[in-house]
Amino acid sequence: MTGGNPRPKKAHVITFGCQMNVADSELLSGILREKGLDLIGSPDEADLIVVNTCTIRRKAEDKAYSQMGRLMKMKSRRGPVPLVAMAGCVAKKEGRDLLRRFPGLDIVLSPGRVPRVGDLLDRRLETGQAVVDIGDRPAGAVEASPVRKSEVKAFVNIMHGCDNHCAYCVVPAVRGPEVSRPPGDVLEEVTELADRGYGEVTLLGQNVNSYGKGLDEAIDFPGLLERLDKRSGMERLRFTTSHPKDFDSRLVGAIRDLPSVCEAVHLPVQAGSDRVLRAMNRKYGPGEYRDKVNLLREAVPGVRISTDIIVGYPGETEGDFTATWELVKETRFVSLFAFKFSPREGTAAARLEDDVPGAEKDRRLQAILDLQRGISREINEGMVGRVEEVLVEGPSKTDPGMMTGRTRGNQVVNMPGKQGLRGRLRPVEINGAGTHCLMGRFVGKAGEK
Ligand code: SAH
Ligand code: SF4
Ligand code: F3S
């Protein structure tokens with residue numbers, strides 16, 4: 001026994017937030033498993049619980065706190081066990097103050113310190129004291145996790161942090177400045193995944209288009225895609241997120257020409273009003289955004305474009321909102337995420353008056369979601385009768401009798417039967433469509449019916 005806690009044997013990891021947190025949680029889990037802990041699916045039996053948190057909007061942070069509140073109650077019932085660690089972007093933002101808010105908390109670690117979770121656990125056990133480490137990611141830290149949520153598709157970080165300063169966004173403050181991973185390391189990780197039978201990798205960065213800045217080797221994002229396409233053996237490559245200001249014809253060319261790069265682009269527009277985009281410091285206008293979408297669609301017919309929208313930004317008038325609504329109507333995104341503006345402490349927008357009333361934000365959000373629902377359904381219905389290449393991921397969560405997978409355009413398809421096809425690319429004839437997914441059946445070769 002050290003510091004009141006025996007060495008934990010069973011860990012449970014809870015993840016909130018974006019794909020980067022999912023990737024960090026996989027790495028955390030991998031490191032804990034290598035230290036001999038079993039990873040289990042519920043907190044009840046766990047003697048170490050890690051909560052990986054998000055603070056992008058107020059609601060995300062509130063979720064983290066209520067989760068922590070529940071765990072602290074459970075901990076006071078169970079004695080010194082379980083050890084509780086808070087990781088992620090709330091941990092980075094609040095740091096040591098969290099110990100005051102949650103006196104039973106054992107470890108606080110920033111996203112940058114995920115590779116060190118094993119050492120932090122040791123320190124907690126040796127000293128019997130709470131440990132707080134909210135530093136940046138050490139150069140050359142391990143990245144590839146031996147534990148992955150899926151055996152078919154994986155996330156691979158190509159960069160950390162963000163150097164953009166969108167006026168509303170807390171990410172640069174919690175993830176630090178932009179640092180690209182050396183291309184050799186990325187290639188090694190993707191190749192290893194291909195060798196292990198993975199069919200798809202999503203390359204992650206807050207703005208993948210600025211990949212390469214600060215590296216010894218001169219390489220940009222399209223150059224990285226080309227190298228991975230030629231040398232990794234990975235069947236499908238995706239990436240997120242692409243910032244419209246840096247989205248250019250070289251990247252369009254890579255999507256058009258490289259066989260493994262899928263025809264799907266997440267291109268968050270945020271707003272359709274020039275004035276609001278300027279206030280957000282996005283560095284493009286609605287005209288430039290439309291031009292880039294057209295360029296992409298001309299070069300890559302059938303490409304699926306998705307986006308993010310913020311409604312109720314400070315000063316957003318009815319006219320500004322209509323411009324966003326029109327842009328969404330015209331662009332015909334395959335899907336979108338829409339959010340109500342949420343002021344985040346320390347950001348430029350938090351100093352502005354949050355002047356769009358809550359009920360109006362709700363109305364605008366609903367209007368965008370209603371509009372998009374119709375568009376998504378129409379796009380999906382238009383696919384009925386077509387044969388699409390689907391990467392089969394496994395049984396559907398909602399109906400275990402069905403298999404689920406995604407098209408190259410990143411659309412979900414559910415198909416009856418054929419358990420053995422998990423991890424395979426198969427032609428599927430689309431024979432039904434909903435708002436969020438397609439239905440299909442396995443057929444012979446792509447192009448055949
Ligand atoms: N790096 C990505 C976005 C990361 S955050 C990019 O630049 O596109 C994911 C999404 O959360 C953003 O696209 C934005 O739509 C939303 N978001 C970020 N901060 C927000 C805030 N303060 N209020 C509401 N939505 C926000
Ligand atoms: Fe936030 Fe803008 Fe960076 Fe995206 S690009 S993470 S929205 S600051
Ligand atoms: Fe949230 Fe941090 Fe991602 S704030 S959206 S988990 S970078």
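Quantities reported herein were computed from a predicted structural model and do not represent experimental measurements.
Salt bridge D47/K10: absent, no basic N to carboxylate O contact under 4.0 Å. With salt bridges taken as basic N to acidic carboxylate O contacts below 4.0 Å, one links E189 and R148. Using a 4.0 Å cut-off between charged side-chain N and carboxylate O, K59 and D62 make no salt bridge. Remark: E61 does not engage R57 in a salt bridge, criterion side-chain N to carboxylate O under 4.0 Å. Salt bridge absent: K9 and D38 never bring a charged side-chain N and a carboxylate O closer than 4.0 Å. One finds a salt bridge joining R137 and D24 here, because a Lys/Arg side-chain nitrogen approaches an Asp/Glu carboxylate oxygen to under 4.0 Å. Salt-bridge check for R175 with D136: failed, with every basic side-chain N at 4.0 Å or more from each acidic carboxylate O. Ion pairing of D274 with R278 is present here, as a side-chain N (NZ or NE/NH1/NH2) and a carboxylate O approach within less than 4.0 Å. A salt bridge is defined here as a Lys NZ or Arg NE, NH1 or NH2 lying under 4.0 Å from an Asp or Glu carboxylate O, and E217 with R227 meets this definition. Between E288 and K283 no salt bridge is recorded (no basic side-chain N to carboxylate O distance below 4.0 Å).
Considering only residues two or more places apart in sequence or on other chains, Y198 meets the ring-ring contact (aromatic ring centres under 6.0 Å, His included) condition with none of them. Annotation: ring-ring contact (aromatic ring centres under 6.0 Å, His included) contacts of F247 (sequence neighbours excluded): none. Shown here are the side-chain contact (heavy atoms from CB on, under 4.5 Å) partners of A23, two or more places apart in sequence or in another chain: F155, N157, L204. For R100, the side chain to side chain donor-acceptor pair (under 3.5 Å) partners two or more places apart in sequence, or in a different chain, are D97. For F341, the ring-ring contact (aromatic ring centres under 6.0 Å, His included) partners two or more places apart in sequence, or in a different chain, are Y313. With sequence neighbours excluded, no residue forms a ring-ring contact (aromatic ring centres under 6.0 Å, His included) with Y168.
Minimum interatomic distance between E316 and V356 (heavy atoms only, all atoms of both residues): O-CG2, 3.7 Å. Nearest approach of L327 to G272, heavy atoms of both residues: CD1-CA, 4.1 Å. For the residue pair V170 and R344, the shortest heavy atom distance occurs at CB-CB, 4.1 Å. Summarising the geometry of P82 relative to M74, their closest heavy-atom pair is CG-CE, 4.5 Å, with the distance given to 0.1 Å. Across all their heavy atoms, R408 and R238 have their closest contact at O-NH1, 2.9 Å. Nearest approach of I31 to G118, heavy atoms of both residues: CG2-N, 3.9 Å.
Checking side-chain atoms of T307 against main-chain N and O of L267 turns up a donor-acceptor pair under 3.5 Å. No donor-acceptor distance shorter than 3.5 angstrom exists from the side chain of H243 to the backbone of N207, with no hydrogens or angles considered. Counting only distance, with no hydrogens or angles, the side chain of T331 and the backbone of V328 share no donor-acceptor pair below 3.5 Å. Between the side chain of N281 and the backbone N or O of H165 there is at least one donor-acceptor pair closer than 3.5 Å. A donor-acceptor pair is defined here as one N or O able to donate and one able to accept, closer than 3.5 Å; such a pair exists between the side chain of T53 and the backbone of V90.
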**OP:** Give the C-alpha distance, both sets of side-chain angles, the deciding distance and a yes or no for side chain to side chain contact (heavy atoms under 4.5 Å, CB included) between I368 and T324.
**Re:** CA-CA 9 Å; I368 291 289; T324 301; 4.2 Å; yes
**OP:** Output, in order, the C-alpha distance, side-chain angles, deciding distance and verdict of side chain to side chain contact (heavy atoms under 4.5 Å, CB included) for I255 and V252.
**Re:** CA-CA 5 Å; I255 303 168; V252 169; 5.5 Å; no
Subject >> Worked verdict on V22 versus K149 for side chain to side chain contact (heavy atoms under 4.5 Å, CB included) >> reply: CA-CA 9 Å; V22 173; K149 250 173 77 176; 4.2 Å; yes
Original post:
salt bridge (charged side-chain N to carboxylate O under 4.0 Å, His left out) between D133 and R124: does it pass, once the steps are laid out?
Top reply: CA-CA 11 Å; D133 189 343; R124 166 64 187 81; over 6 Å; no
**OP:** Would you check, one step at a time, whether the test side chain to side chain donor-acceptor pair (under 3.5 Å) holds for N380 with Q411?
**Re:** CA-CA 9 Å; N380 289 348; Q411 291 175 272; 2.6 Å; yes
Original post:
Under the side chain to side chain contact (heavy atoms under 4.5 Å, CB included) criterion, do M280 and I310 qualify, and how do the steps go?
Top reply: CA-CA 10 Å; M280 287 176 166; I310 298 177; 4.0 Å; yes
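Classified by interplanar angle (parallel below 30°, tilted 30° to 60°, perpendicular above 60°), the ring pair Y289/F333 is tilted.
Around atom CZ of R196, more than 12 heavy atoms belonging to other residues, nucleotides or ligands sit under 6.0 Å away. In this structure, K63 places its NZ atom where only 12 or fewer heavy-atom neighbours from other residues, nucleotides or ligands lie under 6.0 Å away. With a 6.0 Å radius and a threshold of 12 heavy atoms from other residues, nucleotides or ligands, K245 has its NZ atom above the threshold. Within a 6.0 Å sphere centred on CZ of R78, other residues, nucleotides and ligands contribute more than 12 heavy atoms. When the shell of 6.0 Å around NZ of K213 is examined, it contains more than 12 heavy atoms from other residues, nucleotides or ligands.
Residues P138 and R113 form a side-chain contact, since some pair of their non-hydrogen atoms from C-beta on lies under 4.5 Å apart. For the pair C89 and P111, the minimum side-chain heavy-atom distance is below 4.5 Å. By the 4.5 Å heavy-atom criterion applied to side chains, R231 and T191 are not counted as neighbours. Side chains of D229 and S260 form a contact here, defined as non-hydrogen atoms less than 4.5 Å apart. Contact of the F16 side chain with the T55 side chain is not registered, since no non-hydrogen atoms from C-beta on lie closer than 4.5 Å. Contact check for V265 versus L296: side-chain heavy atoms found under the 4.5 Å cut-off. Using a 4.5 Å cut-off on side-chain heavy atoms (C-beta onward), R70 and V51 make no contact. The closest side-chain heavy-atom distance from E178 to M159 is below 4.5 Å.
In summary, the side chains of D246 and S210 do not present any donor paired with an acceptor at a separation below 3.5 Å, with no hydrogens or angles considered. Counting only N and O atoms by type, the side chains of N164 and R282 include no donor and acceptor under 3.5 Å apart. Donor-acceptor pairing under 3.5 Å is recorded for the side chains of N52 and S25. There is a side-chain donor-acceptor pair under 3.5 Å between S242 and N209. Between the side chains of T241 and H266, no donor N or O sits under 3.5 Å from an acceptor N or O. Donor-acceptor pairing under 3.5 Å is lacking for the side chains of Q366 and R363. Under 3.5 Å, the side chains of S396 and T404 contain no donor-acceptor pair of N or O atoms.
In this structure, the separation between CG on D106 and CZ on R123 is 13.0 Å, given to the nearest 0.5 Å. With rounding to the nearest 0.5 Å, the separation of CG in L83 from CG in L105 is 10.5 Å. Here I309 contributes atom CD1 and F337 contributes atom CZ; the two are 12.0 Å apart, rounded to the nearest 0.5 Å.
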